[in-house]
Amino acid sequence: MELQYRSTRGTGEPLTASRAILQGLAQDGGLFVPDRIPVLEKTMRAFAAMSYQETAYEVMKLFLTDYTEEELRSCIRSAYDSRFDTEVIAPLVKKAGAYYLELFHGPTIAFKDMALSILPYLMVTAAKKNHLQKEIVILTATSGDTGKAALAGFADVPGTRILVFYPKNGVSPIQELQMVTQKGNNTAVIGILGNFDDAQTGVKEMFGDAELARQLDAAGYQFSSANSINIGRLVPQIVYYVYAYAQLLAKGEIQDGERIHVVVPTGNFGNILAAFYAKNMGVPIDRLICASNENKVLYDFFATGCYDKNRPFVLTTSPSMDILVSSNLERLIYRIAGEDAAQNAELMRELRTDGKYTISGNMKEKLAEFYGNYATEEETAAQIRKQYESDGYVLDPHTAVASAVYEKYAAETNDSQKAVIVSTASPYKFTGSVMRAIDASYDGQDPFVLAEELSRISGVKIPDAIGEIRCANVLHHTVCEKDQMKETVCRILNLPETSM
Ligand SMILES: *Cc1c(COP(=O)(O)O)cnc(C)c1O
(Lines give C-alpha, C1' and ligand atoms only; values in the text may rest on other atoms or scores of the structure.)
Protein backbone atom coordinates (compact mmCIF):
# COMPACT_ATOMS: atom_id res chain seq x y z
CA MET A 1 0.00 0.00 0.00
CA GLU A 2 1.35 3.42 -0.92
CA LEU A 3 2.33 5.67 1.96
CA GLN A 4 1.31 9.32 1.73
CA TYR A 5 2.92 12.28 3.42
CA ARG A 6 0.98 15.13 4.95
CA SER A 7 1.86 18.33 6.75
CA THR A 8 1.91 18.41 10.56
CA ARG A 9 -0.14 21.60 10.20
CA GLY A 10 -2.74 19.83 8.16
CA THR A 11 -3.57 21.96 5.16
CA GLY A 12 -2.87 20.85 1.61
CA GLU A 13 -3.08 17.57 -0.22
CA PRO A 14 -1.06 14.54 0.89
CA LEU A 15 1.97 13.83 -1.31
CA THR A 16 3.96 10.80 -2.37
CA ALA A 17 7.37 10.29 -0.73
CA SER A 18 9.28 11.52 -3.77
CA ARG A 19 7.26 14.74 -3.93
CA ALA A 20 7.64 15.34 -0.19
CA ILE A 21 11.42 14.96 -0.59
CA LEU A 22 11.47 17.38 -3.51
CA GLN A 23 9.47 19.97 -1.62
CA GLY A 24 11.30 19.65 1.72
CA LEU A 25 8.96 21.72 3.85
CA ALA A 26 5.17 21.88 3.49
CA GLN A 27 3.74 25.12 2.12
CA ASP A 28 1.92 25.85 5.39
CA GLY A 29 5.24 25.75 7.28
CA GLY A 30 4.57 22.27 8.66
CA LEU A 31 6.78 19.20 8.32
CA PHE A 32 5.85 16.19 6.20
CA VAL A 33 4.96 13.04 8.14
CA PRO A 34 3.92 9.62 6.84
CA ASP A 35 0.23 8.85 7.36
CA ARG A 36 1.26 5.77 9.33
CA ILE A 37 4.53 4.32 10.60
CA PRO A 38 5.11 1.02 8.80
CA VAL A 39 6.08 -2.14 10.67
CA LEU A 40 9.26 -4.09 9.83
CA GLU A 41 8.58 -7.10 7.62
CA LYS A 42 11.65 -9.06 8.71
CA THR A 43 12.61 -10.38 12.14
CA MET A 44 15.58 -8.95 14.04
CA ARG A 45 17.25 -12.35 13.56
CA ALA A 46 16.96 -11.89 9.82
CA PHE A 47 18.40 -8.37 10.08
CA ALA A 48 21.30 -9.75 12.10
CA ALA A 49 22.53 -11.50 8.95
CA MET A 50 22.19 -8.46 6.68
CA SER A 51 24.71 -5.90 5.49
CA TYR A 52 24.12 -2.20 6.12
CA GLN A 53 22.99 -1.77 2.51
CA GLU A 54 20.47 -4.62 2.69
CA THR A 55 19.15 -3.28 5.99
CA ALA A 56 18.80 0.15 4.39
CA TYR A 57 16.76 -1.30 1.56
CA GLU A 58 14.43 -3.26 3.86
CA VAL A 59 13.76 -0.21 6.02
CA MET A 60 13.61 2.54 3.41
CA LYS A 61 11.33 0.69 1.00
CA LEU A 62 8.62 0.78 3.65
CA PHE A 63 8.66 4.59 3.71
CA LEU A 64 9.59 5.48 0.13
CA THR A 65 6.83 3.43 -1.42
CA ASP A 66 6.73 5.23 -4.76
CA TYR A 67 10.40 4.46 -5.53
CA THR A 68 10.90 1.28 -7.54
CA GLU A 69 13.14 -1.45 -6.14
CA GLU A 70 15.75 -0.68 -8.81
CA GLU A 71 15.69 3.07 -8.03
CA LEU A 72 16.05 2.59 -4.30
CA ARG A 73 18.74 -0.06 -4.54
CA SER A 74 20.69 2.14 -6.91
CA CYS A 75 20.50 5.13 -4.51
CA ILE A 76 21.69 2.93 -1.63
CA ARG A 77 24.52 1.43 -3.63
CA SER A 78 25.76 4.87 -4.72
CA ALA A 79 25.60 6.34 -1.21
CA TYR A 80 27.05 3.68 1.07
CA ASP A 81 30.21 2.79 -0.78
CA SER A 82 33.94 3.28 -0.34
CA ARG A 83 33.42 6.91 0.63
CA PHE A 84 32.90 5.39 4.07
CA ASP A 85 36.15 4.25 5.61
CA THR A 86 34.68 0.96 6.85
CA GLU A 87 32.66 -1.68 5.03
CA VAL A 88 30.22 -2.02 7.90
CA ILE A 89 29.35 1.70 7.48
CA ALA A 90 28.12 2.09 11.08
CA PRO A 91 30.34 0.10 13.47
CA LEU A 92 29.11 -0.74 16.95
CA VAL A 93 32.03 -0.80 19.38
CA LYS A 94 32.20 -1.78 23.02
CA LYS A 95 34.42 0.67 24.91
CA ALA A 96 34.72 1.67 28.53
CA GLY A 97 31.78 -0.55 29.46
CA ALA A 98 29.32 0.90 26.94
CA TYR A 99 28.26 0.35 23.35
CA TYR A 100 28.99 3.21 20.99
CA LEU A 101 27.36 3.30 17.57
CA GLU A 102 29.95 5.15 15.48
CA LEU A 103 28.17 7.15 12.83
CA PHE A 104 31.17 9.22 11.76
CA HIS A 105 32.88 7.00 9.19
CA GLY A 106 31.55 8.90 6.18
CA PRO A 107 33.27 11.53 4.02
CA THR A 108 32.75 14.49 6.40
CA ILE A 109 33.27 12.53 9.65
CA ALA A 110 29.94 13.36 11.34
CA PHE A 111 26.66 11.45 11.47
CA LYS A 112 25.05 13.80 8.96
CA ASP A 113 26.77 11.71 6.26
CA MET A 114 24.48 8.79 7.11
CA ALA A 115 21.57 10.61 5.48
CA LEU A 116 23.25 13.26 3.35
CA SER A 117 25.24 10.82 1.30
CA ILE A 118 21.98 9.35 0.02
CA LEU A 119 19.72 12.42 -0.07
CA PRO A 120 21.13 13.81 -3.36
CA TYR A 121 20.41 10.47 -5.08
CA LEU A 122 16.91 10.32 -3.62
CA MET A 123 16.30 13.87 -4.77
CA VAL A 124 17.61 13.50 -8.31
CA THR A 125 15.58 10.29 -8.66
CA ALA A 126 12.52 12.12 -7.35
CA ALA A 127 13.06 14.94 -9.86
CA LYS A 128 13.21 12.42 -12.70
CA LYS A 129 10.15 10.49 -11.51
CA ASN A 130 8.10 13.65 -11.26
CA HIS A 131 9.38 15.14 -14.55
CA LEU A 132 10.64 18.22 -12.77
CA GLN A 133 12.10 20.68 -15.27
CA LYS A 134 13.35 23.21 -12.75
CA GLU A 135 16.72 23.41 -11.10
CA ILE A 136 16.57 22.44 -7.41
CA VAL A 137 18.08 24.95 -5.01
CA ILE A 138 18.99 23.31 -1.73
CA LEU A 139 18.71 25.95 0.95
CA THR A 140 20.38 24.83 4.16
CA ALA A 141 20.98 26.17 7.65
CA THR A 142 23.72 24.41 9.56
CA SER A 143 24.88 24.27 13.14
CA GLY A 144 28.19 22.95 11.80
CA ASP A 145 27.93 19.46 10.36
CA THR A 146 24.91 19.43 8.02
CA GLY A 147 26.50 22.13 5.88
CA LYS A 148 29.61 20.21 4.93
CA ALA A 149 27.81 16.90 4.56
CA ALA A 150 25.21 18.49 2.27
CA LEU A 151 27.89 20.33 0.26
CA ALA A 152 29.84 17.12 -0.21
CA GLY A 153 26.68 15.30 -1.30
CA PHE A 154 25.36 17.92 -3.73
CA ALA A 155 28.59 19.39 -5.16
CA ASP A 156 28.44 19.26 -8.96
CA VAL A 157 25.24 17.17 -8.97
CA PRO A 158 23.56 18.20 -12.25
CA GLY A 159 20.22 19.97 -11.83
CA THR A 160 21.01 21.22 -8.31
CA ARG A 161 22.50 24.24 -6.57
CA ILE A 162 23.32 24.32 -2.89
CA LEU A 163 23.44 27.33 -0.55
CA VAL A 164 24.57 26.87 3.04
CA PHE A 165 24.19 29.38 5.89
CA TYR A 166 26.26 28.82 9.02
CA PRO A 167 26.73 30.88 12.21
CA LYS A 168 29.98 32.74 11.53
CA ASN A 169 31.15 32.58 15.15
CA GLY A 170 29.37 29.41 16.21
CA VAL A 171 31.19 26.45 14.63
CA SER A 172 34.56 24.80 15.29
CA PRO A 173 37.59 25.94 13.22
CA ILE A 174 37.71 22.57 11.44
CA GLN A 175 33.97 22.67 10.71
CA GLU A 176 34.33 26.15 9.20
CA LEU A 177 37.34 25.20 7.09
CA GLN A 178 35.56 22.11 5.80
CA MET A 179 32.77 24.32 4.46
CA VAL A 180 34.63 27.35 3.11
CA THR A 181 37.06 25.20 1.12
CA GLN A 182 34.25 23.31 -0.63
CA LYS A 183 34.71 22.99 -4.38
CA GLY A 184 31.92 22.71 -6.94
CA ASN A 185 30.41 25.25 -9.34
CA ASN A 186 26.97 24.89 -7.81
CA THR A 187 27.99 25.58 -4.19
CA ALA A 188 27.75 28.71 -2.03
CA VAL A 189 28.64 29.04 1.65
CA ILE A 190 27.60 32.09 3.66
CA GLY A 191 28.50 32.95 7.25
CA ILE A 192 25.79 34.86 9.11
CA LEU A 193 26.32 37.21 12.02
CA GLY A 194 23.87 35.33 14.19
CA ASN A 195 23.35 31.89 15.69
CA PHE A 196 21.93 28.65 14.26
CA ASP A 197 18.36 29.52 15.24
CA ASP A 198 18.67 32.76 13.24
CA ALA A 199 19.92 30.80 10.23
CA GLN A 200 17.17 28.20 10.51
CA THR A 201 14.46 30.84 10.96
CA GLY A 202 15.73 32.77 7.92
CA VAL A 203 15.69 29.64 5.80
CA LYS A 204 12.19 28.66 6.93
CA GLU A 205 10.96 32.18 6.12
CA MET A 206 12.31 31.95 2.59
CA PHE A 207 10.47 28.65 2.16
CA GLY A 208 7.23 30.34 3.15
CA ASP A 209 7.81 33.51 1.06
CA ALA A 210 5.21 33.49 -1.74
CA GLU A 211 6.80 36.44 -3.59
CA LEU A 212 10.18 34.73 -3.58
CA ALA A 213 8.57 31.48 -4.76
CA ARG A 214 7.12 33.32 -7.78
CA GLN A 215 10.50 34.82 -8.65
CA LEU A 216 12.22 31.46 -8.31
CA ASP A 217 9.61 29.86 -10.49
CA ALA A 218 10.06 32.50 -13.19
CA ALA A 219 13.82 31.97 -13.10
CA GLY A 220 13.43 28.18 -13.38
CA TYR A 221 14.29 27.30 -9.78
CA GLN A 222 12.60 25.47 -6.93
CA PHE A 223 13.74 25.35 -3.32
CA SER A 224 14.26 22.18 -1.36
CA SER A 225 15.92 21.42 1.95
CA ALA A 226 18.79 19.27 3.14
CA ASN A 227 17.94 19.90 6.79
CA SER A 228 16.32 17.21 8.87
CA ILE A 229 12.98 18.91 8.25
CA ASN A 230 13.19 16.99 4.95
CA ILE A 231 11.69 13.53 5.36
CA GLY A 232 14.44 12.29 3.00
CA ARG A 233 16.90 13.02 5.81
CA LEU A 234 14.91 11.27 8.49
CA VAL A 235 14.16 7.96 6.77
CA PRO A 236 17.82 6.97 6.15
CA GLN A 237 18.52 7.70 9.83
CA ILE A 238 16.07 5.01 10.96
CA VAL A 239 18.23 2.38 9.30
CA TYR A 240 21.12 2.49 11.77
CA TYR A 241 18.89 1.85 14.76
CA VAL A 242 17.67 -1.36 13.17
CA TYR A 243 21.26 -2.17 12.25
CA ALA A 244 22.60 -1.45 15.76
CA TYR A 245 20.08 -3.74 17.40
CA ALA A 246 20.77 -6.45 14.83
CA GLN A 247 24.52 -6.12 15.45
CA LEU A 248 24.07 -6.59 19.20
CA LEU A 249 22.05 -9.69 18.45
CA ALA A 250 24.54 -11.01 15.90
CA LYS A 251 27.39 -10.58 18.37
CA GLY A 252 25.49 -12.40 21.10
CA GLU A 253 25.48 -9.31 23.33
CA ILE A 254 21.69 -9.47 23.79
CA GLN A 255 18.90 -12.04 23.64
CA ASP A 256 16.37 -11.86 20.84
CA GLY A 257 13.62 -9.49 21.96
CA GLU A 258 15.67 -7.99 24.82
CA ARG A 259 14.90 -4.29 25.12
CA ILE A 260 17.71 -1.76 24.94
CA HIS A 261 17.98 1.97 25.60
CA VAL A 262 19.33 4.41 23.07
CA VAL A 263 21.12 7.58 24.09
CA VAL A 264 21.17 10.37 21.53
CA PRO A 265 23.05 13.67 21.67
CA THR A 266 20.31 15.99 20.48
CA GLY A 267 19.98 19.34 18.76
CA ASN A 268 17.28 19.61 16.13
CA PHE A 269 15.64 16.38 17.35
CA GLY A 270 16.10 14.56 14.04
CA ASN A 271 18.33 11.72 15.16
CA ILE A 272 16.29 10.80 18.22
CA LEU A 273 13.05 11.08 16.24
CA ALA A 274 14.48 8.47 13.86
CA ALA A 275 15.03 6.23 16.92
CA PHE A 276 11.40 6.83 17.92
CA TYR A 277 10.27 5.78 14.44
CA ALA A 278 12.50 2.68 14.62
CA LYS A 279 10.89 1.76 17.93
CA ASN A 280 7.44 2.17 16.43
CA MET A 281 8.45 -0.06 13.52
CA GLY A 282 9.21 -2.85 15.97
CA VAL A 283 12.84 -2.49 17.11
CA PRO A 284 12.88 -3.50 20.82
CA ILE A 285 13.94 -0.09 22.13
CA ASP A 286 12.93 0.82 25.67
CA ARG A 287 13.91 4.34 26.75
CA LEU A 288 14.80 7.10 24.30
CA ILE A 289 17.37 9.07 26.24
CA CYS A 290 17.63 12.63 24.97
CA ALA A 291 20.95 14.27 25.85
CA SER A 292 21.39 18.05 25.69
CA ASN A 293 24.26 20.41 26.32
CA GLU A 294 23.79 23.66 28.27
CA ASN A 295 21.13 24.70 25.74
CA LYS A 296 18.84 22.38 27.68
CA VAL A 297 15.48 23.45 26.33
CA LEU A 298 14.53 19.80 25.65
CA TYR A 299 15.48 18.67 29.15
CA ASP A 300 13.16 21.33 30.56
CA PHE A 301 10.45 20.32 28.10
CA PHE A 302 10.49 16.66 29.11
CA ALA A 303 10.53 17.65 32.79
CA THR A 304 7.72 20.23 32.68
CA GLY A 305 5.74 19.88 29.43
CA CYS A 306 6.59 23.51 28.65
CA TYR A 307 8.81 24.25 25.65
CA ASP A 308 10.37 27.66 26.23
CA LYS A 309 13.05 29.09 23.96
CA ASN A 310 13.17 32.40 25.88
CA ARG A 311 16.61 32.02 27.37
CA PRO A 312 20.20 32.93 26.52
CA PHE A 313 21.75 31.03 23.64
CA VAL A 314 24.94 29.39 24.94
CA LEU A 315 27.94 28.74 22.66
CA THR A 316 29.36 25.39 23.79
CA THR A 317 32.05 22.94 22.74
CA SER A 318 29.29 20.82 21.13
CA PRO A 319 28.18 23.45 18.58
CA SER A 320 26.04 21.11 16.50
CA MET A 321 23.71 20.91 19.50
CA ASP A 322 23.58 24.67 20.13
CA ILE A 323 19.93 24.96 19.18
CA LEU A 324 16.94 26.41 21.00
CA VAL A 325 14.26 25.64 18.42
CA SER A 326 14.36 21.91 17.72
CA SER A 327 12.42 21.70 14.48
CA ASN A 328 11.76 17.98 14.45
CA LEU A 329 10.06 18.05 17.83
CA GLU A 330 7.04 19.25 15.84
CA ARG A 331 6.71 15.77 14.36
CA LEU A 332 6.53 14.28 17.85
CA ILE A 333 4.10 16.94 19.07
CA TYR A 334 1.83 16.17 16.12
CA ARG A 335 1.91 12.50 17.04
CA ILE A 336 1.23 12.88 20.76
CA ALA A 337 -1.58 15.27 19.87
CA GLY A 338 -3.22 12.23 18.24
CA GLU A 339 -2.23 13.47 14.74
CA ASP A 340 -4.39 16.52 15.35
CA ALA A 341 -2.88 19.06 12.93
CA ALA A 342 -4.99 21.95 14.21
CA GLN A 343 -3.78 21.47 17.77
CA ASN A 344 -0.17 21.20 16.61
CA ALA A 345 -0.51 24.29 14.41
CA GLU A 346 -1.83 26.25 17.40
CA LEU A 347 1.15 25.24 19.56
CA MET A 348 3.58 26.19 16.78
CA ARG A 349 1.82 29.55 16.43
CA GLU A 350 2.39 30.12 20.16
CA LEU A 351 6.05 29.20 19.73
CA ARG A 352 6.37 31.78 16.96
CA THR A 353 4.59 34.58 18.82
CA ASP A 354 5.50 33.93 22.49
CA GLY A 355 8.55 31.73 22.11
CA LYS A 356 6.91 29.00 24.16
CA TYR A 357 4.02 26.58 24.50
CA THR A 358 2.75 24.03 27.01
CA ILE A 359 1.35 20.65 26.06
CA SER A 360 -1.68 19.08 27.76
CA GLY A 361 -1.35 16.55 30.57
CA ASN A 362 -2.71 13.91 28.23
CA MET A 363 0.03 14.62 25.70
CA LYS A 364 2.72 14.66 28.37
CA GLU A 365 1.72 11.16 29.51
CA LYS A 366 2.62 9.90 26.05
CA LEU A 367 6.22 11.04 26.52
CA ALA A 368 6.97 8.53 29.27
CA GLU A 369 9.34 6.56 27.02
CA PHE A 370 11.58 9.64 26.69
CA TYR A 371 14.10 10.61 29.34
CA GLY A 372 15.84 13.99 29.08
CA ASN A 373 18.93 15.26 30.83
CA TYR A 374 21.92 17.45 30.06
CA ALA A 375 25.64 17.81 30.64
CA THR A 376 27.40 21.04 31.51
CA GLU A 377 30.63 22.08 29.79
CA GLU A 378 32.66 20.84 32.77
CA GLU A 379 30.84 17.48 32.81
CA THR A 380 31.38 17.07 29.08
CA ALA A 381 35.12 17.72 29.31
CA ALA A 382 35.40 15.44 32.35
CA GLN A 383 33.66 12.66 30.42
CA ILE A 384 36.09 12.95 27.50
CA ARG A 385 39.00 12.70 29.93
CA LYS A 386 37.47 9.82 31.88
CA GLN A 387 36.72 7.64 28.83
CA TYR A 388 40.16 8.33 27.47
CA GLU A 389 41.86 7.43 30.73
CA SER A 390 39.82 4.27 31.24
CA ASP A 391 40.07 2.80 27.75
CA GLY A 392 42.14 5.04 25.48
CA TYR A 393 38.92 5.82 23.61
CA VAL A 394 38.49 9.45 22.60
CA LEU A 395 34.95 10.84 22.34
CA ASP A 396 33.99 13.99 20.49
CA PRO A 397 32.20 16.56 22.69
CA HIS A 398 28.70 15.71 21.34
CA THR A 399 29.13 12.02 22.08
CA ALA A 400 30.60 12.94 25.46
CA VAL A 401 27.40 14.83 26.30
CA ALA A 402 25.44 11.64 25.56
CA SER A 403 27.86 9.49 27.51
CA ALA A 404 27.67 11.79 30.56
CA VAL A 405 23.87 11.88 30.40
CA TYR A 406 23.73 8.11 30.20
CA GLU A 407 25.76 7.86 33.40
CA LYS A 408 23.33 10.23 35.10
CA TYR A 409 20.44 8.07 33.95
CA ALA A 410 22.09 4.85 35.12
CA ALA A 411 22.91 6.38 38.52
CA GLU A 412 19.35 7.68 38.99
CA THR A 413 17.57 4.51 37.97
CA ASN A 414 19.95 1.71 38.92
CA ASP A 415 18.74 0.07 35.77
CA SER A 416 21.09 -2.43 34.20
CA GLN A 417 19.49 -2.71 30.78
CA LYS A 418 21.94 -2.39 27.91
CA ALA A 419 22.22 0.91 26.12
CA VAL A 420 23.60 2.10 22.80
CA ILE A 421 25.20 5.53 22.89
CA VAL A 422 25.02 7.20 19.52
CA SER A 423 28.40 8.59 18.55
CA THR A 424 27.74 11.46 16.18
CA ALA A 425 31.13 12.91 15.27
CA SER A 426 34.79 12.08 15.04
CA PRO A 427 36.90 13.78 17.72
CA TYR A 428 39.06 15.05 14.83
CA LYS A 429 36.38 17.63 14.06
CA PHE A 430 36.87 19.23 17.46
CA THR A 431 40.55 18.78 18.20
CA GLY A 432 40.79 21.98 20.27
CA SER A 433 38.12 21.17 22.83
CA VAL A 434 38.87 17.44 22.88
CA MET A 435 42.60 17.79 23.53
CA ARG A 436 42.05 20.56 26.07
CA ALA A 437 39.68 18.24 27.94
CA ILE A 438 42.33 15.53 28.02
CA ASP A 439 45.12 17.86 29.08
CA ALA A 440 44.81 21.60 29.74
CA SER A 441 48.32 22.19 28.46
CA TYR A 442 47.09 21.69 24.88
CA ASP A 443 45.05 24.88 25.16
CA GLY A 444 45.48 27.36 22.31
CA GLN A 445 47.42 25.12 19.91
CA ASP A 446 46.81 24.91 16.17
CA PRO A 447 43.94 22.50 15.32
CA PHE A 448 46.07 20.53 12.83
CA VAL A 449 49.00 20.16 15.21
CA LEU A 450 46.46 18.88 17.73
CA ALA A 451 45.15 16.40 15.15
CA GLU A 452 48.61 14.85 14.98
CA GLU A 453 48.78 14.74 18.74
CA LEU A 454 45.34 13.14 18.91
CA SER A 455 46.45 10.48 16.47
CA ARG A 456 49.51 9.80 18.60
CA ILE A 457 47.62 9.40 21.88
CA SER A 458 44.60 7.50 20.51
CA GLY A 459 46.28 5.35 17.88
CA VAL A 460 43.54 6.31 15.40
CA LYS A 461 44.74 7.40 11.97
CA ILE A 462 43.97 11.00 10.95
CA PRO A 463 40.89 10.81 8.67
CA ASP A 464 41.23 11.89 5.04
CA ALA A 465 38.67 14.62 5.70
CA ILE A 466 41.22 16.43 7.88
CA GLY A 467 44.18 15.95 5.53
CA GLU A 468 42.13 17.33 2.62
CA ILE A 469 41.39 20.71 4.18
CA ARG A 470 44.78 21.32 5.70
CA CYS A 471 46.23 23.01 2.61
CA ALA A 472 43.01 23.69 0.69
CA ASN A 473 42.21 27.21 -0.53
CA VAL A 474 39.38 29.16 1.03
CA LEU A 475 36.85 29.58 -1.79
CA HIS A 476 33.89 31.11 0.06
CA HIS A 477 34.20 34.49 1.79
CA THR A 478 30.62 35.79 1.99
CA VAL A 479 29.38 36.98 5.37
CA CYS A 480 26.01 38.67 5.90
CA GLU A 481 23.79 40.07 8.64
CA LYS A 482 21.05 37.71 9.79
CA ASP A 483 18.39 39.92 8.18
CA GLN A 484 20.20 39.93 4.81
CA MET A 485 19.80 36.25 4.02
CA LYS A 486 17.10 36.76 1.40
CA GLU A 487 19.03 39.52 -0.37
CA THR A 488 22.07 37.28 -0.41
CA VAL A 489 20.12 34.39 -1.95
CA CYS A 490 18.66 36.70 -4.61
CA ARG A 491 22.13 37.98 -5.47
CA ILE A 492 23.63 34.50 -5.74
CA LEU A 493 20.76 33.26 -7.92
CA ASN A 494 20.66 36.47 -9.97
CA LEU A 495 17.06 37.18 -9.04
CA PRO A 496 15.78 40.75 -9.22
CA GLU A 497 16.11 42.48 -5.83
CA THR A 498 12.72 42.83 -4.20
CA SER A 499 11.28 44.86 -1.40
CA MET A 500 12.60 43.09 1.69
C1 LIG B 1 23.60 17.44 14.08
C2 LIG B 1 24.37 16.86 15.19
C3 LIG B 1 23.78 16.50 16.39
C4 LIG B 1 22.31 16.73 16.66
O5 LIG B 1 21.48 15.93 15.87
P6 LIG B 1 19.93 16.31 15.69
O7 LIG B 1 19.41 15.35 14.71
O8 LIG B 1 19.94 17.72 15.16
O9 LIG B 1 19.30 16.23 17.02
C10 LIG B 1 24.56 15.91 17.36
N11 LIG B 1 25.88 15.71 17.17
C12 LIG B 1 26.48 16.06 16.03
C13 LIG B 1 27.95 15.84 15.89
C14 LIG B 1 25.76 16.63 14.99
O15 LIG B 1 26.38 16.97 13.84
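Read the numbers this way: they start at 1 and go in the same order the structure lists the ligands and their atoms.
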Task: Over 12 foreign heavy atoms within 6.0 Å of NZ, K356 - done: no
Open item on the list: Quick test: of every protein heavy atom, which one is nearest to atom 6 (P) of ligand 1, and how far off is it to 0.1 Å?
Closed with: N268 N, 3.5 Å
Task: Within 6.0 angstrom of K366 NZ, more than 12 heavy atoms from elsewhere - done: yes
Open item on the list: Between R287 and H261 (side chain of the first, backbone of the second, donor and acceptor by atom type, cut-off under 3.5 Å), is there such a pair?
Closed with: no
Open item on the list: Which residue and atom name correspond to the protein heavy atom nearest atom 4 (C) of ligand 1, and how close is it?
Closed with: G267 N, 3.5 Å
Open item on the list: Give me the residue, atom name and distance of the protein heavy atom closest to atom 7 (O) of ligand 1.
Closed with: N271 N, 2.9 Å
TODO: Give the numbers and elements of all ligand 1 atoms closer than 4.0 Å to a heavy atom of D145.
DONE: 12 (C), 13 (C), 14 (C), 15 (O)
Task: Spatial distance of atom CD (Q200) from atom OG (S143) [nearest 0.5 Å] - done: 8.5 Å
- [ ] Specify whether F430 and H398 have parallel, tilted or perpendicular ring planes, treating 30° as the upper limit for parallel and 60° as the lower limit for perpendicular.
- [x] tilted
Open item on the list: Do K408 and Y374 form a cation-pi contact, if we require the NZ or CZ to be under 6.0 Å from the six-membered ring centre and within 45 degrees of the ring's axis?
Closed with: yes
TODO: Give the residue, atom name and distance (to 0.1 Å) of the protein heavy atom nearest atom 10 (C) of ligand 1.
DONE: P265 O, 3.5 Å
- [ ] Give a yes/no verdict on whether any heavy atom in S228 is under 4.0 Å from an atom of ligand 1.
- [x] no
- [ ] Determine whether more than 12 heavy atoms belonging to other residues, nucleotides or ligands lie under 6.0 Å from atom CD of E87.
- [x] no
Task: Nearest-neighbour protein heavy atom for atom 11 (N) of ligand 1, which is reported as residue plus atom name and distance - done: T424 OG1, 2.9 Å
Open item on the list: With heavy-atom distances below 4.5 Å as the criterion, would you say the side chains of T108 and K429 are in contact?
Closed with: yes
Open item on the list: For the backbone of Q178 and the side chain of K148, can you confirm whether one donor and one acceptor N or O come within less than 3.5 Å of each other?
Closed with: yes
Task: Residue M321 vicinity, atoms of ligand 1 by number, heavy atom under 4.0 Å - done: 10 (C)
TODO: Considering the heavy atoms of A425, write down every atom of ligand 1 situated less than 4.0 Å from one of them.
DONE: 13 (C)
- [ ] Could you list the atoms of ligand 1 found under 4.0 angstrom from a heavy atom of G270?
- [x] 6 (P), 7 (O), 9 (O)
- [ ] For atom 2 (C) of ligand 1, grab the closest protein heavy atom and report residue, atom and distance to one decimal in Å.
- [x] K112 NZ, 2.4 Å
Task: Proximity to ligand 1 by part of F269, non-hydrogen separation under 4.0 Å - done: backbone
TODO: List every atom of ligand 1 that sits less than 4.0 Å from any heavy atom of T266, numbering the atoms from 1 in the order shown and giving each element.
DONE: 9 (O)
